[in-house]
Amino acid sequence: MPDPEPVHRLDPTKSGLKNWDEKRYRNKLFKISHVFQLMKEENGTLPFLIGLSEVSGRKVLEDLVEMEPFNSEYGIVHYNSMDERKVDVAMLYHKDKVEIIDSETITFFFEIINRKNTENYDTTRDVLFSKIKYKGTVINIFIAHLPSKREKDVNKPKRDFILNEIHGRILKIVNNEKEHVILCGDFNENPDDENLVKILYDNNHEKVLINPFQELFQTRNYSTFHYKSGLLYDQIIMSKSLFAHDVLNFQSAHIFNSENISSRTRNFKGRPFRTYAGTRYLGGYSDHFPVFVKFELAKT
């Protein structure tokens, strides 16, 4: 949403962005909707499920789904989290194709040690859980935006804890309920990092999840960049059951790095066209490329 007018020019902004106003907000909405229009043109259809991060309130999603190519055909699953930056994850779904059976947030509190004048706990973005039905098939969806790597990666213990908790929930679903699972989002870790390798296996070292983005990363395909390093923090991990299923069968994984949403600057060719570079407004799409997977539907 646009920021209210500051009383003083040095007042902090609600969004945390410099000079964030109605025009820039509308441009950002257009840019996001345009990405999906490009995906539709390239693939012939829109995704039936869409995971989003860095969402600043439900109103943003309501404004987005009214636009083309969504045309109010998509529903919203969103909860406000206690994240200090006031950003959340969310899910959009095609209302004619997907039934929401259940949804909830998984919230995490972390104790703060040796910090004065503050509460005794720290919060981060919730993990969004949804149980859906698509063409009669039940799928359990976890959407995460894990704590970022910064300041010598002080957040690694938080990522470890969150992924361990999600891993336990996934094992119960796969082993006890015998249902499909998709875990997706911005993990702030690459597919070959220890956490994202360990989560693929159960306690008996049997593989229960498959991450098709491992192969993309090995072949130097990236969704975002940090200085000279290419990163693939954005991933979609699925239960093995979705690789040999009668109705919904995994086909391929992709990074949507269209030239239309890439940087116009020669030095940053092949990288995402950002909205901001630090405090400098560029008017681009995002500092991450979208990722997606394709499924093959059984012929009826």
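The analysis underlying the following values was restricted to heavy atoms, covering all of them including side chains, and did not include hydrogens, waters or symmetry mates. Positions are given from 1 along the sequence.
- Using cut-offs of 30° and 60° for the angle between ring planes, the Y222 and F225 rings count as perpendicular.
- Of all heavy-atom pairs between D126 and N80, the closest is OD2-O, 4.1 Å.
- In terms of hydrophobic clustering, with Ile, Leu, Val, Met, Phe, Trp and Tyr side chains grouped at heavy-atom distances under 4.5 Å, V87 and L52 are assigned to different clusters.
- For the side chain to side chain donor-acceptor pair (under 3.5 Å) test, residues two or more places apart in sequence or in another chain that qualify with D153 are R159.
- Among residues two or more places apart in sequence or in another chain, the side chain to side chain donor-acceptor pair (under 3.5 Å) test is passed with Y201 by none.
- Grouping the Ile, Leu, Val, Met, Phe, Trp and Tyr side chains by contacts below 4.5 angstrom, directly or via other members, places I237 with I106.
- Across every non-hydrogen atom of Q235 and N190, the tightest pair is NE2-C, 3.8 Å.
- Annotation: ring-ring contact (aromatic ring centres under 6.0 Å, His included) contacts involving residues 77-103, sequence neighbours excluded, comprise Y74-H94.
- Checked against side chain to side chain donor-acceptor pair (under 3.5 Å), Q218 has no partners two or more places apart in sequence or in another chain.
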- Task: Under the side-chain contact (heavy atoms from CB on, under 4.5 Å) rule, what do K178 and V174 come out as? Steps first, then yes or no, please.
- Result: CA-CA 5 Å; K178 310 296 184 185; V174 170; over 6 Å; no
- Message: For L61 and V65: C-alpha separation, side-chain torsions, deciding distance, then whether side-chain contact (heavy atoms from CB on, under 4.5 Å) applies.
- Response: CA-CA 6 Å; L61 301 168; V65 296; 5.5 Å; no
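- Closest heavy-atom contact between V77 and L128: O-CD2, 3.6 Å.
- In this structure, K97 is not positioned above the aromatic face of F48 in the sense of NZ or CZ being under 6.0 Å from the six-membered ring centre and within 45° of the axis.
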Side-chain donor-acceptor contacts of residues 179-186 below 3.5 Å, not counting sequence neighbours, with atom names and distances?
| unit_1 | atom_1 | unit_2 | atom_2 | d |
| --- | --- | --- | --- | --- |
| E179 | OE1 | K131 | NZ | 2.6 |
| E179 | OE1 | N140 | ND2 | 3.0 |
| H180 | ND1 | S241 | OG | 2.7 |
| H180 | NE2 | H245 | NE2 | 3.2 |
| D186 | OD1 | N188 | N | 3.0 |
| D186 | OD2 | H145 | NE2 | 3.4 |

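- In terms of the ring pair (Phe, Tyr, Trp, His ring centres under 6.0 Å) criterion, residue partners of F129 (sequence neighbours excluded) are, by chain and number, F142.
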Using distance only, find each side-chain donor-acceptor pair of residues 263-273 under 3.5 Å and give its atom names and separation, not counting sequence neighbours.
| unit_1 | atom_1 | unit_2 | atom_2 | d |
| --- | --- | --- | --- | --- |
| S263 | OG | T265 | N | 3.1 |
| R264 | NH1 | N260 | O | 3.2 |
| R264 | NH1 | S262 | O | 3.1 |
| R271 | NH1 | Y227 | O | 2.6 |
| R271 | NH2 | Y227 | O | 2.7 |

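- Of the possible polar contacts, one joining the S286 side chain to the H288 backbone as a donor-acceptor pair under 3.5 Å is found.
- With sequence neighbours excluded, no residue satisfies side chain to side chain donor-acceptor pair (under 3.5 Å) with T224.
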- Message: Could you walk me through whether D160 and N195 satisfy the side-chain hydrogen bond (donor to acceptor under 3.5 Å, both in side chains) test, starting with their C-alpha distance in whole Å, then the side-chain angles of each, then the deciding distance to 0.1 Å, before giving a yes or no?
- Response: CA-CA 7 Å; D160 296 350; N195 271 331; 2.5 Å; yes
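- Judged purely by distance below 3.5 Å, without hydrogens or angles, the side chains of K23 and N27 never pair a donor atom with an acceptor atom.
- Contacts classified as ring-ring contact (aromatic ring centres under 6.0 Å, His included) and involving residues 150-173 (residues at least two apart or in different chains) are given here: F110-F161.
- Taking all atoms of both residues into account, the shortest heavy-atom contact from L29 to V60 is CD2-O, 3.8 Å.
- Annotation: side-chain hydrogen bond (donor to acceptor under 3.5 Å, both in side chains) contacts involving residues 42-53, sequence neighbours excluded, comprise N43-K294.
- Two different hydrophobic clusters hold L231 and L146 under the rule that ILVMFWY side chains link at heavy-atom gaps under 4.5 Å.
- The main-chain N or O of Y285 is found under 3.5 Å from a side-chain atom of K28 such that the two form a donor-acceptor pair.
- At distances below 3.5 Å, not a single donor-acceptor pair connects side-chain atoms of N221 with backbone N or O atoms of F217.
- In this structure, the ring pair (Phe, Tyr, Trp, His ring centres under 6.0 Å) partners of Y281, at least two apart in sequence or on a different chain, are Y276.
- Remark: R58 engages E62 in a salt bridge (charged side-chain N to carboxylate O under 4.0 Å, His left out) (not counting sequence neighbours).
- Taking every heavy atom of both residues into account, A144 and V127 meet most closely at CB-CG2, 4.1 Å.
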